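Inspection log for the structure reproduced underneath, given as structure tokens.
Note that the coordinates shown come from a computational prediction; the quantities given were computed from them, not determined experimentally. Here is how names work: the chains are called A, B, and so on, in the same order as the sequence lines, proteins then strands, and each is numbered from 1.
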Amino acid sequence: MKNKLRGQSKEQLLKLYYEMLLIRRLEEKSGQLYGMGKIAGFCHLYIGQEAVVTGIQSLAKEGDSVITGYRDHGHMIACGLDPRGVLAELMGRIDGLSKGKGGSMHMFSKEKTFYGGHGIVGAQVPLGTGLALAHKYENDGGVVFAYFGDGAANQGQVYEAYNMASLWKLPILYIIENNHYSMGTSVARHSATDHFYSRGAGFNIPGELVNGMDLFDVQTATEKALAHIRAGKGPYILEMDTYRYKGHSMSDPGRYRSKEEVDTIKQDNDPLSNCKRDLLAHGVATEAELKVLEQKVKQEMDEVVNFCEASPEPEAHELYTDVLIEDKQWPY
Amino acid sequence: MALLTVREALRDAMAEEMRRDPKVFVMGEEVAQYQGAYKVTQGLLEEFGEGRVMDTPITEYGFAGVGVGAAFKGLKPIVEFMTFNFSMQAIDHIINSAAKTLYMSGGQMTCPIVFRGPNGVASRVGAQHSQCFASWYSHCPGIKVVAPYSAADAKGLLKSAIRDPNPVVFLENELMYGRSFEVPDDPDYIVPLGKASVVREGTDATIVTFSLAVGKALEAADRLASQGVNVEVIDLRTLRPLDIDTIVASIQKTNRIVTVEEGWPQSGIGAEIAAQVMTHAFDFLDAPLERVTGKDVPLPYAANLERLAIPQVDDITAAIRKVCYKN
Ligand SMILES: Cc1ncc(C[n+]2csc(CCOP(=O)(O)OP(=O)(O)O)c2C)c(N)n1
Ligand SMILES: [Mg+2]
């Protein structure tokens with residue numbers, strides 16, 4: 001039997017830890033830059049949920065597809081995207097992934113098969129199901145990872161998508177990141193049932209509840225789900241029990257939950273601390289080695305910020321580009 | 001040339017494009033086994049199989065999103081709405097997901113998809129099944145909007161729409177499906193998007209219209225000709241991008257314009273043309289533009305009221321006489 005760390009090499013484990021750290025530092029930096037007025041609009045931070053996307057994407061294969069909602073910065077890091085492209089986009093600069101025209105909620109990377117970044121709650125679920133239809137149509141063996149929130153799980157289109165995905169046996173993993181709140185509305189106040197993993201039952205889609213604060217639990221559950229999907233048995237649902245530390249977006253005063261609630265989770269169940277604890281306990285790395293990693297992330301972030309600050313805003317002519325594809329000439 | 005119904009022309013366009021490009025497929029309610037609620041997809045299942053002709057559940061929001069997702073990944077879906085009335089449930093994916101993503105991704109994410117189906121007033125089906133979405137969709141950047149009249153245009157434009165790398169909303173008309181027109185035999189016959197067609201030349205006034213109403217405009221023009229008024233008729237064919245140049249060129253000749261559409265007047269296609277004509281052809285007008293539109297009410301069921309609610313040939317002739325100051 002595999003141990004808690006699932007038999008992963010030191011190199012793999014440190015890479016995972018580094019990735020979670022990078023997501024957290026990027027989000028902290030985004031929060032600061034927002035406070036300084038360098039990022040504007042809606043900006044949804046992923047702090048507290050890092051183990052979910054890091055664990056799941058660690059099991060993705062080349063050619064798989066990823067799609068999520070607006071809380072997307074961490075997902076892009078986990079897909080291997082350069083944090084400079086992410087932060088520059090948040091700052092509305094030309095070096096952003098969308099040339100500054102998408103913003104925090106709308107980022108994409110065809111190269112890394114990351115399909116957004118969608119601002120309409122729940123839209124990514126049928127869109128992801130369509131990506132899965134394309135994988136099946138092309139018979140390319142790819143799987144879709146479609147992430148959405150507990151709030152999104154109440155959208156009717158989610159169930160329309162479940163039905164088609166199961167009916168057509170599409171290769172898709174639905175991941176519900178249950179961070180217990182849909183903006184300011186707790187799960188108890190927005191959902192008739194307190195869990196979401198079983199909501200596929202009516203469509204014959206298996207589901208599982210997972211401790212989303214534990215990187216290795218996330219990996220183990222994902223491995224099982226992917227075995228089901230890659231065997232051609234159709235979709236699978238994973239509900240990740242997780243928590244967001246910051247407000248829903250930057251403009252959230254957070255009166256719907258107590259400081260104690262947030263502090264307790266930060267202290268007792270932080271995904272980064274949990275990972276660090278396991279790495280130390282299993283002798284994967286020493287405190288000193290992890291300190292070095294932390295320094296490295298800090299340095300990388302400083303370089304990222306410097307790059308983004310220097311990146312110019314898009315030129316005025318970009319206003320009218322990318323509305324339609326014009327370069328393909330009729331009759332094509 | 002072959003005499004084909006609009007229904008056959010649309011089916012042939014899809015079949016030819018599906019033969020040409022394995023990435024093209026059709027999905028929608030009743031498109032496969034039932035052969036289409038209006039039999040537009042007749043024979044496609046037989047030729048292409050269920051992998052490329054997919055019956056969907058009644059789930060417009062869901063399957064529109066699924067189509068857009070598949071297009072993001074490079075497939076070329078033709079999504080049929082049983083009628084465009086039901087596309088209101090899906091309009092979020094048509095606009096927010098299909099039309100905006102190229103822009104929001106800085107040009108990375110393409111969405112080569114066609115949404116097609118019957119649009120506009122059918123016959124005696126009441127308000128919820130009789131609405132024109134031309135102005136709704138043509139309001140939005142990031143998509144093209146097409147609304148053919150003849151079978152030749154239906155075929156040539158649908159082929160262009162399928163090949164176009166952008167999302168296209170393709171508005172058909174149920175009452176046109178059974179009408180026959182001459183269509184070129186050449187399987188490479190294709191009509192460019194964004195170009196209006198002068199379907200009747202004239203010197204005294206211009207009618208600008210699209211879809212079913214082109215037939216009514218031509219009938220009005222015939223009647224007016226016998227009264228000595230020589231009317232030019234423009235079939236827009238594509239509503240976005242709008243071919244304003246063809247309209248302006250016609251006004252420079254006739255100096256008078258009437259727009260005709262089934263949709264409601266406020267913020268309609270006629271309203272848009274009026275605004276553009278004001279900017280581009282004001283000095284050429286000898287009379288204010290006149291609009292003939294559907295009446296500003298939900299469409300009634302009773303036969304007499306339905307007739308009153310949608311543009312009739314008499315309404316068009318009256319409008320032409322008005323802009324010509326002939327009463
Ligand atoms: C269709 C739609 N309705 C409302 C909103 C506004 N909105 C944005 S996020 C959100 C809450 C979603 O919560 P959840 O799905 O739990 O995701 P989380 O923010 O917790 O990650 C709401 C109501 C929206 N963007 N789209
Ligand atoms: Mg939530």
Counting only heavy atoms from other residues, nucleotides and ligands, does the tally under 6.0 Å from [atom1] of [X] exceed 12?
X: A:Phe42; atom1: CZ; answer: no
X: A:Lys110; atom1: NZ; answer: yes
X: A:Glu313; atom1: CD; answer: no
X: B:Gln276; atom1: CD; answer: yes
X: B:His139; atom1: NE2; answer: no
X: A:Glu111; atom1: CD; answer: no

What part of [X] lies closer than 4.5 angstrom to a heavy atom of chain A: side chain, backbone, both or neither?
X: B:Asp92; result: side chain
X: B:Ile58; result: neither
X: B:Arg240; result: neither

Interface residue of largest heavy-atom contact number with chain B, from [options], under 4.5 Å:
options: A:Ser98, A:Gly96, A:Ala165; answer: A:Ser98
options: A:Gly122, A:Ser109, A:Gly116, A:Gly100; answer: A:Ser109
options: A:Thr321, A:Asp322, A:Leu131; answer: A:Asp322
options: A:Gly156, A:Pro331, A:Pro314; answer: A:Pro331
options: A:Lys136, A:Lys101, A:Glu89, A:Lys99; answer: A:Lys101
options: A:Ile120, A:Val125, A:Asp327; answer: A:Ile120

Which one, [options], leads in non-hydrogen pairs under 4.5 Å with chain A?
options: B:Leu193, B:Val191, B:Val68; value: B:Val191
options: B:Ser97, B:Pro77, B:Gly67, B:Pro241; value: B:Ser97
options: B:Gly51, B:Ala64, B:Ser160; value: B:Ser160
options: B:Met109, B:Lys100, B:Gln89; value: B:Met109
options: B:Pro167, B:Ser105, B:Ala99; value: B:Ser105

Are the side chain of [X] and the backbone of [Y] linked by a donor-acceptor contact shorter than 3.5 Å?
X: A:Gln157; Y: B:Tyr61; result: no
X: B:Tyr103; Y: A:Leu319; result: yes
X: B:Gln108; Y: A:Leu97; result: yes

Which heavy atom of [X] sits nearest a heavy atom of [Y], and at what distance?
X: A:Tyr137; Y: B:Val24; result: OH-O, 3.5 Å
X: A:Pro126; Y: B:His93; result: CG-NE2, 3.6 Å
X: A:Leu167; Y: B:Pro57; result: CD2-CG, 4.2 Å
X: B:Gly65; Y: A:Leu127; result: O-CD2, 3.4 Å

Inset, instruction - Let me see the working for B:Lys73 and A:Leu133 under side-chain contact (heavy atoms from CB on, under 4.5 Å), right down to the final yes or no. - result: CA-CA 9 Å; B:Lys73 223 173 145 46; A:Leu133 179 75; over 6 Å; no
Under 4.5 Å heavy-atom distance to chain B, tell me which part of [X] shows up: side chain, backbone, both or neither.
X: A:Ser65; value: side chain
X: A:Asp140; value: side chain
X: A:Ile67; value: neither
X: A:Ile325; value: both
X: A:Ala161; value: neither

Taking the side chain as every heavy atom from C-beta outward, state whether [X] and [Y] have any pair of such atoms under 4.5 Å apart.
X: B:Val66; Y: A:Glu160; value: no
X: A:Asn163; Y: B:Thr59; value: no
X: B:Asn166; Y: A:Lys328; value: no
X: A:Trp330; Y: B:Arg163; value: no
X: A:Trp168; Y: B:Thr56; value: yes

Inset, instruction - Could you check A:His118 against B:Asn96 for side-chain contact (heavy atoms from CB on, under 4.5 Å), going step by step and ending with a plain yes or no? - result: CA-CA 9 Å; A:His118 294 271; B:Asn96 274 316; over 6 Å; no
Inset, instruction - Output the distance between atom CD (A:Glu138) and atom CG (B:Leu75), rounded to the nearest 0.5 Å. - result: 5.0 Å
